[in-house]
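The figures here come from the full heavy-atom set of this structure, side chains too, leaving out hydrogens, waters and symmetry mates. Being a predicted model, the structure only gives us computed values, none of them experimental.
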Amino acid sequence: MLKKGMFKKPTYIKISDHQNKIPGAVQEKSIQESSEAPAIPQGVWSKCPYCGETLYVDDLVQNKYVCYKCGKYLRVSADQRIEMIIDEYTFQEWDTGIKHTNPLQFEGYMEKIQQLQQKTGLDEAVITGMGRIHGEKAVIAVCDARFMMGSMGYIVGEKITRAIETATKKLLPVIIFTCSGGARMQEGMVSLMQMAKTSQAIKRHSDAGLLYISVLTDPTTGGVTASFAMLGDLILGEPGALVGFAGPRVIEQTIGQKLPEGFQTSEFLVEHGIIDGVIERQNMKETLFRLIRLHKQNRKFRPVSKKGDLLEEQKDSGKGRLDAWERVQIARRLERPTASDYIQLLFKDFIELHGERNFKEDGAIIGGIASFHGLPVTVIGQQKGKNTKENIVRNFGMPQPEGYRKALRLMKQAEKFNRPIICFVDTPGAFCGIEAEERGQGEAIARNLMEMSGLTVPILSIVIGEGGSGGALAMAVANEVWMLENAMYSILSPEGFASILWKDSKRASEAAGVMKITASDLLKLGIIEKIIPEKEPASEKNLPLISKHMEREISCFLADYTRMDTEEIVNRRYDRFRRM
């Protein structure tokens, strides 16, 4: 167990100790003024290894070891990391003193280990243990680049595996801060086997329904990237961190390929759908706390009281005033509220998660974890933009295969942690470009239809604007489907319907009436269960009133479905579509 005050920063840091305090930083020698003036204590100043600016150490520590001149992230030691993340005096270190071996009888290896132990005060390249984050218990492992570049040998793999196994027994979340050059060459195949060993432990932890958060710091490469670093339920990265299987130097020396600027950074991985997000160091502790809280199984749902203000009863308030084509035009309005607008008003503590872990982040679908009246939920929405710039980022609300695969990843994660799923449907249809076809658009939609049918948690889908074809259905294989009064839900666009059946797209307004695509039509057909009224077409002005009605209805839905067992939830969903 670490002693009380072990991580407390001294008033001044001696230069001899300071190299350990700010790894990678070049230290300035102490400055001696005239004999009349007092000497400036050693270790007050440091030099940024990136911009070369002289920095005041206390300010640097206060800034979480981020250069306040250039903004670059300095590497930190394991004890500094624990001090920043874990509540003071709550950390208990585990599994120290494991005996080192030299499986290859590599010359000088044991001597190197002993030298590093004396220099760093570490027994190996990782510290593991248990502590609290704003009071919440967590098992934590922190790699330290000062010890053989954080490489993973037998002891690193053993300590991480033991930590995960203990977390599984204690039913605790695991957080691992990665910082590693990969497998340790001096231990050969024994080192390589640690990749499989740690991954097996993570699988058992996951099968127990427990949370694992991986935080990628600079650098994370090689066998660590190809094992526990990339197996988190949630994968976060520090800004600018180098992350990749093969590092830039290895790639260049092996195949002679020069990497472009910004390649293999945390930001690059978000853009390519590999990790959930980039979190600044100042916000890391709070983010981890919120994520742990949102994954706690004992959170209690507080339904909206049925007493108080009476909300307008469900009805088609505009019936007889607007025809189908007019509703289509309203559903397509640029100023109509989007999924993110409803998410902001209906849920608390929303944390957006990115990517499908494979190819690309799709801005046409947003999703993440949130709280609804104390109950953790997974929220996913098809997202349009409100101007040309936003619509380019959001692809005009037309998801690509990666968007549907991201949605499914979040749904499967919701199932693991027993979170209800709430989807907001608003798309003219799935993107039909060449690249979408190349990457399996049809397969991605079909996979969602099949997998959603068997999810063991309640699913609610709400059509808030356009519900276009299979691209909408891929988010609407739900226990119940609702529509806003002026939304539309159709087999394809009225223009497409008219073009195919009548060879004349100008008859779109006529087609809209024939297709039965309005909320009132679909309620009569039994395609949807509920209409959310729009006394006036949804806009920023009346969004709070519509959201209030929606909030009450969602509360009733969750109160009903969270009382059901998993078999009943799945069977009800199956029977719903079986009747159609």
Side-chain angles (χ1 to χ4, degrees), residues 304 311-347 365-366 372 379-386 394 396-397 421-429 459-469 471-476 478-491 493-494 512-513 515-558:
V304 176
L311 296 172
E312 184 180 1
E313 293 183 0
Q314 176 188 325
K315 63 178 182 177
D316 185 356
S317 62
K319 189 175 181 181
R321 292 191 295 110
L322 300 173
D323 63 26
W325 181 242
E326 288 172 319
R327 293 193 191 277
V328 169
Q329 292 174 308
I330 291 173
R332 292 172 172 174
R333 283 181 181 174
L334 201 61
E335 64 269 22
R336 192 169 176 85
T338 64
S340 61
D341 295 320
Y342 290 103
I343 290 171
Q344 183 178 356
L345 279 178
L346 288 166
F347 306 97
I365 287 184
I366 61 172
F372 183 84
V379 186
I380 307 168
Q382 291 166 323
Q383 180 69 26
K384 292 180 178 178
K386 294 188 176 181
R394 303 296 181 185
F396 295 85
I421 300 166
I422 300 171
C423 298
F424 293 94
V425 178
D426 188 13
T427 179
I459 306 174
L460 170 64
S461 294
I462 308 173
V463 184
I464 59 174
E466 291 184 275
S469 192
L473 182 60
M475 296 266 291
N479 291 92
E480 292 188 18
V481 177
W482 305 345
M483 289 179 68
L484 265 68
E485 184 180 330
N486 291 315
M488 58 172 283
Y489 193 10
S490 61
I491 186 171
S493 69
M515 294 169 70
K516 306 293 185 187
I517 61 178
T518 67
S520 58
D521 288 331
L522 296 174
L523 184 65
K524 292 174 185 175
L525 288 172
I527 302 298
I528 68 170
E529 281 74 22
K530 197 179 294 293
I531 297 172
I532 305 296
E534 297 180 56
K535 191 171 183 180
E536 298 292 336
S539 65
E540 183 179 351
K541 183 178 179 181
N542 63 3
L543 177 62
L545 180 62
I546 293 172
S547 296
K548 186 177 181 182
H549 192 149
M550 198 181 289
E551 179 182 15
R552 179 179 173 182
E553 298 291 355
I554 292 173
S555 179
C556 293
F557 172 88
L558 292 174

Using side chain to side chain donor-acceptor pair (under 3.5 Å) as the criterion, list what pairs up with Ser340, not counting sequence neighbours. Thr338, Gln383
Got more than 12 heavy atoms from elsewhere within 6.0 Å of CD1, Ile491? no
Without swapping roles, check the side chain of Ser461 against the backbone of Met475 for a donor-acceptor pair under 3.5 Å. yes
Any sub-3.5 Å donor-acceptor pair from Ser490's side-chain atoms to Gly468's backbone N or O? no
Tell me, do Ile366 and Arg394 make a side-chain contact under 4.5 Å, heavy atoms counted? yes
Drop me the distance from Ser520's OG to Ile528's CD1, to the nearest 0.5 angstrom. 8.5 Å
For Arg336, the salt bridge (charged side-chain N to carboxylate O under 4.0 Å, His left out) test, sequence neighbours excluded, returns Glu534
For Asp341, salt bridge (charged side-chain N to carboxylate O under 4.0 Å, His left out) partners two or more places apart: Lys386
Output all residues satisfying side chain to side chain contact (heavy atoms under 4.5 Å, CB included) with Ser547, sequence neighbours left out; order by chain, then residue number. Tyr342, Leu345, Leu346, Leu543
Write down the atom of Gly381, the atom of Ala339, and the distance for their closest heavy-atom approach. CA-CB, 3.9 Å
Closest non-hydrogen atom pair between Ile330 and Pro537, with its separation: CG2-CB, 3.8 Å
Approximate separation, where rounding is to 0.5 Å, of Leu523 CG and Trp482 CH2: 13.0 Å
Indicate the atoms forming the closest heavy-atom contact of Phe557 with Ile459, along with that distance. CZ-O, 3.6 Å
Given the rule in the side chain to side chain contact (heavy atoms under 4.5 Å, CB included) test, do Ile365 and Ile380 qualify, once you have shown the distances and angles that lead to the verdict? CA-CA 7 Å; Ile365 287 184; Ile380 307 168; 3.8 Å; yes
Go through the structure and list residues passing side chain to side chain donor-acceptor pair (under 3.5 Å) with Asn542, not counting sequence neighbours. Ser539
Whether the side chain of Glu326 engages the backbone of Asp323 through a donor-acceptor N/O pair (distance < 3.5 Å, no angle test) should be reported. yes
Between atom CZ of Arg327 and atom CG of Asn486, what is the distance when rounded to the nearest 0.5 Å? 5.0 Å
Hey, are the side chains of Ile554 and Ile462 touching, using non-hydrogen atoms and a 4.5 Å cut-off? yes
Can you tell if the side chain of Trp325 reaches within under 4.5 Å of the side chain of Pro494, non-hydrogen atoms only? yes
Could you check whether any side-chain N or O of Glu485 sits under 3.5 Å from a backbone N or O of Ile532, counting only pairs where one atom can act as donor and the other as acceptor? no
Search all heavy atoms of Ile421 against all heavy atoms of Cys423 and return the closest pair with its distance. CG2-SG, 3.8 Å
More than 12 heavy atoms from other groups under 6.0 Å of CD on Gln329: yes
Check whether Asp426 reaches the backbone of Gln382 with its side chain - one donor and one acceptor, N or O, closer than 3.5 Å. no
Can you tell me how far the CE atom of Met550 sits from the CG atom of Leu545, to the nearest 0.5 Å? 11.0 Å
Set of side chain to side chain contact (heavy atoms under 4.5 Å, CB included) partners for Ala472, sequence neighbours left out: Val425, Thr427, Tyr489
Which value, rounded to the nearest 0.5 Å, describes the distance between Asp521 atom CG and Met488 atom CE? 12.0 Å
Using the side chain to side chain donor-acceptor pair (under 3.5 Å) criterion, which residues pair with Arg332? Sequence neighbours excluded. Glu466, Glu495
Starting at CD1 of Ile517, measure out to CG of Leu525 and round the result to the nearest 0.5 Å. 12.0 Å
Compare every heavy atom of Pro428 with every heavy atom of Gly397, then report the nearest pair and how far apart it is. O-CD, 3.9 Å
